[in-house]
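Structure first, commentary second.
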Amino acid sequence: MTERKPPGVDFESWVDRQIREAEARGEFERLSGAGKPLATEMESTYDELWWVKRKMAREGFSVLPPALAVRKEAEDALEAALKAPSERVVRRIIEAVNVKIRDILLKPPPGPPLGRKPYDVDDVVRQWRERRAER
């Protein structure tokens, strides 16, 4: 436990002495991160919710409004469908994302508009077949 600052001792000199003595005892050796640059978060401005944002990023949570999240999911689903191994998988992927798109269109959430309409499953299957034929 750290000792209390004695009365009449300048705070800065007391802190400096504490650091100097700890360094002499070797308490700063072999610390995790020794010799490594500071994290990039240290260079940014202070944000009260930094820990919430870091936790969400680490856990893979999205902070997008629902419509933008579905838009991103629709783009990812189309890409996944075009790379799918079978027509059955293509249809399953597109039909699943179409349900979410229709839900957003019927009950607009807060935030920006979706800007997407449901995919034509047969058109995506046609594109998938064309890509498979090119290989």
Side-chain angles (χ1 to χ4, degrees):
M1 186 167 124
T2 340
E3 63 184 71
R4 293 175 84 69
K5 181 181 90 55
V9 175
D10 182 37
F11 184 76
E12 187 174 354
S13 63
W14 180 76
V15 170
D16 290 336
R17 184 175 58 88
Q18 295 287 320
I19 293 171
R20 188 177 60 254
E21 289 174 359
E23 190 173 22
R25 289 188 303 268
E27 293 181 16
F28 295 127
E29 295 173 7
R30 292 186 299 270
L31 291 175
S32 63
K36 297 178 184 172
L38 292 175
T40 55
E41 296 91 36
M42 301 300 284
E43 298 171 5
S44 62
T45 58
Y46 179 72
D47 181 7
E48 292 178 354
L49 299 175
W50 66 268
W51 63 275
V52 174
K53 292 176 183 174
R54 187 180 299 166
K55 174 76 171 169
M56 290 178 71
R58 190 171 53 243
E59 298 294 327
F61 287 113
S62 173
V63 292
L64 292 174
L68 293 180
V70 170
R71 182 184 297 180
K72 172 78 170 104
E73 189 175 342
E75 292 169 2
D76 294 344
L78 180 59
E79 186 177 324
L82 294 174
K83 294 177 182 176
S86 69
E87 182 176 326
R88 183 179 54 78
V89 174
V90 173
R91 290 182 182 279
R92 185 169 33 96
I93 292 170
I94 296 301
E95 287 168 358
V97 80
N98 278 348
V99 168
K100 293 179 181 182
I101 292 172
R102 285 188 189 99
D103 189 47
I104 292 284
L105 291 174
L106 295 175
K107 298 179 280 182
L114 175 60
R116 287 262 181 252
K117 61 181 182 177
Y119 291 113
D120 180 349
V121 177
D122 292 325
D123 184 50
V124 174
V125 168
R126 182 189 51 74
Q127 291 177 36
W128 173 80
R129 286 180 181 151
E130 289 172 1
R131 285 189 177 199
R132 301 271 298 187
E134 292 174 2
R135 291 184 195 168

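We use all heavy atoms of the structure for the numbers below, so side chains are in, but hydrogens, waters and symmetry mates are not. As the structure is a computational prediction, the values presented were derived from the model and not from experiment.
Not counting sequence neighbours, the partners of Arg17 by the salt bridge (charged side-chain N to carboxylate O under 4.0 Å, His left out) test are Glu3, Glu21. Annotation: salt bridge (charged side-chain N to carboxylate O under 4.0 Å, His left out) contacts of Lys83 (sequence neighbours excluded): Glu79. Residues passing the salt bridge (charged side-chain N to carboxylate O under 4.0 Å, His left out) test with Glu95, sequence neighbours excluded: none. Partners of Glu48 under the side-chain hydrogen bond (donor to acceptor under 3.5 Å, both in side chains) rule, at least two apart in sequence or in another chain, do not exist in this structure. Take Glu134 and apply the side-chain hydrogen bond (donor to acceptor under 3.5 Å, both in side chains) test, not counting sequence neighbours, and it matches no residue. Every residue meeting the side-chain hydrogen bond (donor to acceptor under 3.5 Å, both in side chains) condition with Glu27, not counting sequence neighbours, appears here in chain and number order: Arg25. Listed by chain and number, the residues in a side-chain hydrogen bond (donor to acceptor under 3.5 Å, both in side chains) with Lys117 amount to none (sequence neighbours excluded). For Arg30, there are no side chain to side chain contact (heavy atoms under 4.5 Å, CB included) partners two or more places apart in sequence or in a different chain. For Glu59, the salt bridge (charged side-chain N to carboxylate O under 4.0 Å, His left out) partners two or more places apart in sequence, or in a different chain, are Lys55.
Counting heavy atoms from C-beta on, the side chains of Glu87 and Val124 never come closer than 4.5 Å.
In the hydrophobic cluster analysis, where Ile, Leu, Val, Met, Phe, Trp and Tyr join through side-chain heavy atoms closer than 4.5 angstrom, Trp51 is grouped together with Met56.
Hydrophobic cluster membership for Val89: Ile93 (Ile, Leu, Val, Met, Phe, Trp, Tyr linked by side-chain heavy atoms under 4.5 Å, directly or transitively).
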Listed pairs under 3.5 Å, donor-acceptor, residues 63-76 side chains, sequence neighbours left out:
from: Arg71; atom 1: NE; to: Leu114; atom 2: O; distance (Å): 2.7
from: Arg71; atom 1: NH2; to: Pro113; atom 2: O; distance (Å): 3.0
from: Arg71; atom 1: NH2; to: Leu114; atom 2: O; distance (Å): 2.5
from: Lys72; atom 1: NZ; to: Asp76; atom 2: OD1; distance (Å): 2.9
from: Lys72; atom 1: NZ; to: Asp76; atom 2: OD2; distance (Å): 3.1
from: Glu73; atom 1: OE2; to: Lys100; atom 2: NZ; distance (Å): 2.5
from: Glu75; atom 1: OE2; to: Arg116; atom 2: NH2; distance (Å): 2.7

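Across Arg102 and Pro118, no two heavy atoms sit closer than the pair CG-CG, 3.6 Å. Here the closest non-hydrogen pair linking Val97 and Tyr119 is CG1-CD1, 4.0 Å.
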### Query
Run the salt bridge (Lys or Arg N to Asp or Glu O under 4.0 Å) check on Lys107 and Asp103 step by step: do they pass?
CA-CA 6 Å; Lys107 298 179 280 182; Asp103 189 47; 2.9 Å; yes
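One finds the CD atom of Gln127 at 9.5 Å from the CG atom of Asp120 (value rounded to the nearest 0.5 Å). From Ile94, atom CD1 reaches atom CG of Asp122 across 11.5 Å, with rounding to the nearest 0.5 Å.
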